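Read through the structure below, which is laid out as structure tokens, and then see the notes.
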Amino acid sequence: MVSRISRFHGSLVGAVVGDCIGAVFEEAWLPGINIDRVLRQVEKIEADNVSSNSQVISESQNEDRQPRKIYKFTDDTAMARSVAASLIEENGLNVKDMARRFSEEYFKEPWRGYGGNICLNFQALKESNYLDPFGPASRQFGGHGSYGNGGAMRIAPAALFAFRKQMDLQKLRELVEPITKLTHTHPHAVQGAMLESLAVNLALKTDCLDPDQFIDYLCDKMKIVEDMVEEERRVARADNTDSPDAKRAKEEIDDDKDEETDNDKDEMRNQLSYSEKLEKIRTYIKQELQPDTKEIIEVLGTDISALNSVPAAVYAFLRATKEIKGIQDRNPFEKTIIYAISLGGDTDTIATMAGAIAGAYYGIEEVPKSWQEACEGVADALQYATRLYDLPIEHQAMQ
Ligand code: F2R
Ligand code: MG
Ligand code: MG
Ligand code: MG
């Protein structure tokens, strides 16, 4: 059986290697990548590592040796590190502290490949001295908030924290929702972060993976989450109409937003919800012949939106339990990352989310040493995982 500490290490390191290796392909935004191409990249990382290790042995004899290439992490890992550091230092959620860490990290290294709009958020947070940590995000996109996957891509440390504190679904939501809403207030972004955190949390406590049961659990929880988020929206709308001033202000905003709101509704009507996509995944996993990449991209999605990327990450983890042509000699963790990247689109983010789930199940022993040595940020991820694991346990039964 894989130890819990190995799973904590595996999850955070799995996320880092998914980000670093996936980032090699992200900028191309390809609609599916031939698995042999991804495999060649991985083999290059492994070969570089072997030759660099033999060079270390002969260091004194060969001073001209090439330094080994280090694969840089991107915004996905930069933000996950802030989530981990804040939860550890505060032994809980302090939204102002986390907002400050996100923003300071961005201004220190703005070149990490952040999303187009999130940068405006960091600027506004800094200018307001973090006094209204949810304000800037809630005003983005005409008040709809960002539906990007930036909330889900960074949430793995919160899933580990929730596991350590034995949180139930409600407590998990009270943790994940505000962490997400510091930058992403759109319901799809919040629900996506919930799905990713539920998947990591479940992987941590699963000893013998049954894909159908894994989907069952996620589907049940996501139906509850989807209802909760919808109900909250209805209540917020009703509350907004209380005072005459609020009524007038709301009418003005509504006039501005009428067209956009209709577009938004149309878009939501045309998309499958998370629980509907999970049902699709269930069907795929059960069938003998797995669907081709084209169908996965069309049905689950592989773009920068949360709704069109978190389900693909869950699928990649479960798909790796099956035969995948061309990479059958790889262990299931490696298969998860290689397959996730082969889906194309937002490769670093889908691979980071899939890596966090796979690492939480298979443990650190399954993450190749050569990948760990080639990816920037692995040593820090190991430390964050140890510190999260060492936090005091609180007793709130997991449901
Ligand atoms: N952005 C990238 N990669 C692009 C490469 C960057 C390049 N190196 C460069 O410097 O130019 N990757 C990262 O972004 C994704 C996560 O994005 P996040 O944090 O969700 O960002 P944001 O800005 O909130 O949303 C992304 C875009 O989605 C559209 N969008 C979001 N909500 C919308 C809404 N309600 N209505 C309309 N559009 C909406 C916007 O175009 C946003 O800019 C990850 O892939 C990460 O790796
Ligand atoms: Mg990125
Ligand atoms: Mg982001
Ligand atoms: Mg990305």
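Atoms within a ligand are numbered from 1 in the order they appear, just like the ligands themselves. Everything numeric in this text was worked out from a predicted model, so none of it was measured. One-based numbering along the sequence shown.
Evaluation of the side-chain hydrogen bond (donor to acceptor under 3.5 Å, both in side chains) rule for Glu298 yields no partner, not counting sequence neighbours.
Only side-chain heavy atoms of His184 come within less than 4.0 Å of ligand 1; its backbone N, CA, C and O stay farther off. Residue-level proximity to ligand 1 for Tyr147 is carried by backbone and side chain together, each with a heavy atom below 4.0 angstrom. Contacts with ligand 1 closer than 4.0 Å are made by backbone heavy atoms (N, CA, C, O) of Tyr114 only, the side chain lying farther away.
Near Asp348, the atoms of ligand 1 lying under 4.0 angstrom from a non-hydrogen atom of the residue are 47 (O). Within ligand 1, the atoms closer than 4.0 Å to a non-hydrogen atom of Asp76 are 46 (C), 47 (O), numbered from 1 in the order shown. Close contacts between ligand 1 and Asp75 involve ligand atoms 13 (C), 14 (O), 46 (C), 47 (O) [criterion: under 4.0 Å to a heavy atom]. When each atom of ligand 1 is checked for a heavy atom of Gly150 under 4.0 Å away, the hits are 16 (C), 18 (P), 19 (O), 20 (O). Short contacts between ligand 1 and Gly116, defined as distances under 4.0 Å to a heavy atom of the residue, involve ligand atoms 23 (O), 43 (O). Each of the following atoms of ligand 1 lies closer than 4.0 Å to a heavy atom of Ile118: 19 (O), 23 (O). Atoms of ligand 1 found under 4.0 Å from any heavy atom of Trp29 (numbered from 1 in listed order, with element): 3 (N), 4 (C). Ligand-side atoms of ligand 1 in range of Ser146: 22 (P), 24 (O), 25 (O), 31 (C), 32 (N), range being under 4.0 angstrom from any heavy atom.
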| task | Please step through side chain to side chain donor-acceptor pair (under 3.5 Å) for the pair Thr386 and His9, ending with a clear verdict. | result | CA-CA 7 Å; Thr386 302; His9 286 148; 2.8 Å; yes
| Audit row: Lys165, Asn91, side chain to side chain donor-acceptor pair (under 3.5 Å) steps and yes/no | CA-CA 10 Å; Lys165 301 292 182 183; Asn91 189 22; 2.9 Å; yes
| said: Working note: Tyr362 + Ser6, criterion side chain to side chain donor-acceptor pair (under 3.5 Å); need CA distance, chi angles, decisive distance, verdict. | reply: CA-CA 8 Å; Tyr362 297 113; Ser6 168; over 6 Å; no
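Thr352 and Asp76 share no donor-acceptor pair across their side chains, judged by distance under 3.5 Å alone.
Here CG of Leu125 is found 7.5 Å from CG of Leu182. Values are rounded to the nearest 0.5 Å.
Side chain of Gln287 to main chain of Leu289: a donor-acceptor pair is present (N/O by atom type, distance under 3.5 Å, no hydrogens or angles).
For atom 41 (O) of ligand 1, the nearest non-hydrogen atom from the set Thr349, Asp346, Thr185, Asn117 comes from Asn117.
Membership of the apolar cluster around Ile304 extends to Trp29, as traced through chained side-chain contacts below 4.5 Å between ILVMFWY residues.
Within the protein, the N, O or S atoms sitting under 2.8 Å from the Mg ion (ligand 2) are Thr74 OG1, Asp75 OD1, Asp76 OD1, Asp348 OD2.
Taking a cutoff of 4.0 Å between a charged side-chain nitrogen and a carboxylate oxygen, Glu89 and Arg387 qualify as a salt bridge. A salt bridge links Arg81 with Asp380: at least one charged nitrogen is closer than 4.0 Å to a carboxylate oxygen.
The shortest N or O to N or O distance between Gly113 and ligand 1 is below 3.5 Å.
At least one heavy atom of Gly145 sits closer than 4.0 Å to an atom of ligand 1.
Among pairs with a residue in residues 120-148, those fulfilling salt bridge (charged side-chain N to carboxylate O under 4.0 Å, His left out) read Asp132-Arg139, at least two apart in sequence or across chains.
For His186 and Tyr147, the gap between ring centers is short of 6.0 Å.
Between Trp371 and Phe333, the two ring planes are tilted [angle within 30° to 60°].
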